[in-house]
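Reviewing the structure listed below.
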There are 2 protein chains.
Amino acid sequence: MSQESPTFSPLYRQIKSLILQALESGEWRPGQVIPSEQELATRFSVSQGTVRKAIDEMAAENLLVRKQGKGTYVASHNDPRAMFRFLRLVPMDGDLSHPQSVPLDCWRAKAGQEASRMLGIEQGAPIIILRRLLRFGTKPVVIDEIYLPGEIFQGLSMETLQGWSGSLYSLFETRFGLRMIRAQERIRAVAADRSTGEALKVAEGTPLLSVERVTYTYGDKPVEWRRGLYSTAEHFYLNELS
Amino acid sequence: MSQESPTFSPLYRQIKSLILQALESGEWRPGQVIPSEQELATRFSVSQGTVRKAIDEMAAENLLVRKQGKGTYVASHNDPRAMFRFLRLVPMDGDLSHPQSVPLDCWRAKAGQEASRMLGIEQGAPIIILRRLLRFGTKPVVIDEIYLPGEIFQGLSMETLQGWSGSLYSLFETRFGLRMIRAQERIRAVAADRSTGEALKVAEGTPLLSVERVTYTYGDKPVEWRRGLYSTAEHFYLNELS
DNA sequence: GAGTGGTCTAGACCACCAC
DNA sequence: TGGTGGTCTAGACCACTCC
C-alpha cells in the first residue's frame, strides 16, 4: 500500500502554492492584508496549523509579512523598510540615510545576444535601456545600466522616472504591477573608463565593483538585467554569510 | 493583569538557548547526532512540538542539520557539502570542483589597532598571521591574509597547515574545537600591488576584489579577521538576494 | 519492526492591536 | 471587547533509515 510517490508534496506546500497563485493573480495587492489564517483554513478546508506553516515559509521568503495583532500583509517595495532591500552598499562612516536615484537616459532598443539570454526573451525583441545614478547625499556612488523587457514596461519613459521619488522597484510595482521577488548578483572588479569616471567623479582606471544583477518575479521569471558600477572609495558592499 | 514584559521570551526560545548551551559546552560534537526530539522533550519537560520549533530555528541558522529517519546532527565544516560554505567565488565556466588551499606563511605577532578592534582583543595581545593562496585547479585566484587570536590558536604552525587537505574551518574545528557560525564580508575594489600581482599572476594595477571578513563563533564572538584579494578574471563573487 | 524526523489536526491560551 | 497572529500541548499517522 506504500505510495511510492516521487512527487510527494505535503499539504502545506500545496496550500502554499495556492496562496502563491492568489498573489500572482493579483487577488491581494502589495501592501494589503490577506485573509486571516482561520479564513484561509476554511477556504482551503485544512486546519489553521497547516495554513500557518505555509505562511511561515512565505514570510521567510519575504513574500508575506506577518504583523501580530493586525494580520498578514503582501510584501511591497513601497514599504520604507524594504525600499532598497536589494542594495547592499553601505557608507563606511555608518550613515544610514537612503540613497537617491537620478535617471540619466532612457531609450528603446532590440535585445542583443546577452540581453536576450539574461531576460529569457527572443533576440531582437524590444527592450528598454535605462541609465541612472545613485547618490548618497551629494556623492555619486553607483552608475547603473538597466535592461528591461519592452513588452512588460510599455510606456516607461524619462518623464515617468523623473516624477518618482522612491526606489525603482517601488515604481515598477506601482506602475507596472511587477513584483521583484529575488535577485542574483555576480560581482567582479573592473577599471573605470573615462565616462564612468566622470560620472562617479573618480579618475579613469580607478578600480570599481561591477555588479551584474538578474532580478526575478513570480515563477522565477527574469524581468530585469542590470549592471552597476560601484565606487568603493567611501562605501562597501556588505554581505552576511551564514 | 497584563505582564508588561519587555523581556518576554517564548518557551521554545528558552529551549533553544539550552540546546545552544549544550552545543557550546561540547556535550555534542560537530558531525554527531544529538538526542531525539522526544528525548529532549522529556529532558526539558516540554512537548515534542516545542523542542521541534527550537530545532527548526537552529536548522535554519545552519547550527543543526536534520536528517529524516536518522536524527538531528551538529553542523560541521568537515561535512563535504559545507566545506567551503562561506566562499562565494564561482568559476565563470561553471566548473564545480573545490578549490585548494596552499599555505604561504604563518607567523606570530602582536595585535595592532585594527586587529584588536576586529577581534575584540587587547592591543598588543598575541595574534597569529597566516597567508595562503586559494587555487581552482592550477589557477591562483585568491590570496588571503588571516588574523587569529593567539590565545585560541595555540600551536598553529606551517606544519599543521601543510598536513591538512580540507578547508581552513574544518581544520579549526577539528584541531581547535572552534566552530565558525556566521561571518560578515565587506567588499571593495582595489588595484593589485606588485607582490599580489605576482602571486595571482596578474599585472600590477589590475582591479581586484578586496573581501574583508570577520567570522564569529558562538555568542557572536569574533575569532577570525581576514582580508582576501580575489582575481575576477575568470571567477566572480556570487550573491543571492531575497 | 523499531526509531527517527515530518505532517496534520484540534483545542486552549497568550500577546498585540484597533476600536 | 473582539479579532489577529503567536505559543504550547497531545495525539495520530506518514516517510525514511537501519537492522
Side-chain angles (χ1 to χ4, degrees), chain A residues 1-19 22-23 28 31-76 79 81, chain B residues 1-19 22-23 28 31-76 79 81:
Chain A
M1 194 55 110
S2 90
Q3 263 293 110
E4 280 304 322
S5 54
T7 46
F8 168 75
S9 167
L11 193 47
Y12 75 86
R13 280 199 194 278
Q14 301 174 38
I15 302 304
K16 184 179 166 185
S17 79
L18 287 173
I19 298 176
L23 283 175
W28 313 306
Q32 291 183 341
V33 255
I34 70 172
S36 75
E37 294 177 354
Q38 197 46 255
E39 279 179 88
L40 291 171
T42 307
R43 166 163 161 183
F44 299 131
S45 303
V46 297
S47 79
Q48 191 198 358
T50 301
V51 170
R52 194 168 175 71
K53 186 144 187 180
I55 293 181
D56 276 344
E57 284 204 355
M58 299 179 73
E61 293 166 15
N62 292 311
L63 293 170
L64 297 174
V65 178
R66 318 185 82 129
K67 297 188 185 173
Q68 185 175 124
K70 300 182 73 174
T72 300
Y73 294 73
V74 183
S76 167
D79 181 341
R81 296 169 312 178
Chain B
M1 195 53 111
S2 88
Q3 263 294 111
E4 279 304 322
S5 55
T7 46
F8 168 75
S9 167
L11 192 47
Y12 75 87
R13 280 202 193 276
Q14 301 174 37
I15 302 303
K16 185 179 165 186
S17 80
L18 287 174
I19 297 176
L23 282 174
W28 314 305
Q32 291 183 340
V33 255
I34 70 171
S36 74
E37 295 178 353
Q38 197 46 255
E39 279 179 88
L40 291 171
T42 307
R43 166 164 162 182
F44 299 131
S45 303
V46 298
S47 79
Q48 191 197 357
T50 301
V51 170
R52 195 169 175 70
K53 186 144 188 182
I55 294 181
D56 275 345
E57 283 203 356
M58 300 179 72
E61 293 166 16
N62 293 310
L63 293 170
L64 297 174
V65 179
R66 320 185 80 128
K67 297 188 185 173
Q68 184 174 123
K70 301 181 73 176
T72 301
Y73 295 74
V74 182
S76 167
D79 182 341
R81 297 170 313 180

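These numbers come from the heavy atoms of this one structure, side chains and all, not from hydrogens, waters or symmetry mates.
- In this structure, B:Leu64 places its CG atom 12 Å from P of C:dG6, rounding to the nearest Å.
- For the pair A:Gln14 (side chain) and A:Ser9 (backbone), a donor-acceptor distance under 3.5 Å is present.
- OP1 and OP2 of C:dG5 both lie 4.0 Å or more from every side-chain N or O belonging to B:Arg52.
- The separation between B:Glu57 atom CD and D:dG6 atom C1' is 12 Å, rounded to whole Å.
- The side chain of B:Ser47 sits closest to D:dT9 out of C:dG5, D:dT7, D:dT9.
- Computed from coordinates, the B:Lys53 NZ to D:dT7 C1' distance equals 7 Å when rounded to whole Å.
- Each of D:dG6, D:dT17, C:dT9 was ranked by its minimum atom distance to the side chain of A:Glu37; first place goes to D:dG6.
- C:dG5 atom C1' lies 16 Å from atom CE of B:Met58, rounded to whole Å.
- Summarising the geometry, the separation between CD on A:Gln68 and P on C:dC14 is reported as 14 Å, rounded to the nearest angstrom.
- One distance of note links OH of B:Tyr73 with CD1 of B:Ile34; it measures 11.0 Å at 0.5 Å rounding.
- For D:dT4, the OP1/OP2 oxygens have no side-chain nitrogen or oxygen of A:Arg66 closer than 4.0 Å.
- For the pair B:Lys67 and C:dG5, the criterion of a side-chain N or O lying under 4.0 Å from OP1 or OP2 is not met.
- For B:Thr72, taking side-chain heavy atoms from C-beta onward, the closest of the listed nucleotides C:dG5, C:dT7, D:dC8 is C:dG5.
- Across the strands present, D:dA10 finds its partner in C:dT9; the criterion is a Watson-Crick or G-U wobble pair with both atom distances under 3.5 angstrom.
- For A:Gln38 (side chain) and A:Gln48 (main-chain N/O), no donor-acceptor pair under 3.5 Å exists by modelled atom type.
- Rounded to a whole Å, the CD atom of A:Gln38 is 15 Å from the C1' atom of C:dC13.
- Residue contacts shown for A:Val46 are limited to sugar-phosphate atoms, with no base heavy atom under 4.0 Å away.
- Atom CZ of B:Arg13 and atom P of D:dC8 are 10 Å apart (whole Å).
- Distances shorter than 4.0 Å separate some side-chain N or O of A:Lys70 from OP1 or OP2 on C:dA18.
- For the pair A:Gly69 and A:Val51, nearest-nucleotide mapping onto DNA chain C gives the more 5' position to A:Val51.
- Closest heavy-atom contact between B:Leu23 and B:Met58: CD1-CE, 3.6 Å.
- In this structure, A:Gln48 places its CD atom 11 Å from P of C:dA10, rounding to the nearest Å.
- Across every non-hydrogen atom of A:Ile19 and A:Ala54, the tightest pair is CD1-CB, 4.4 Å.
- Set against D:dC18, C:dC16, C:dT4, the side chain of B:Glu39 has C:dT4 as its closest nucleotide.
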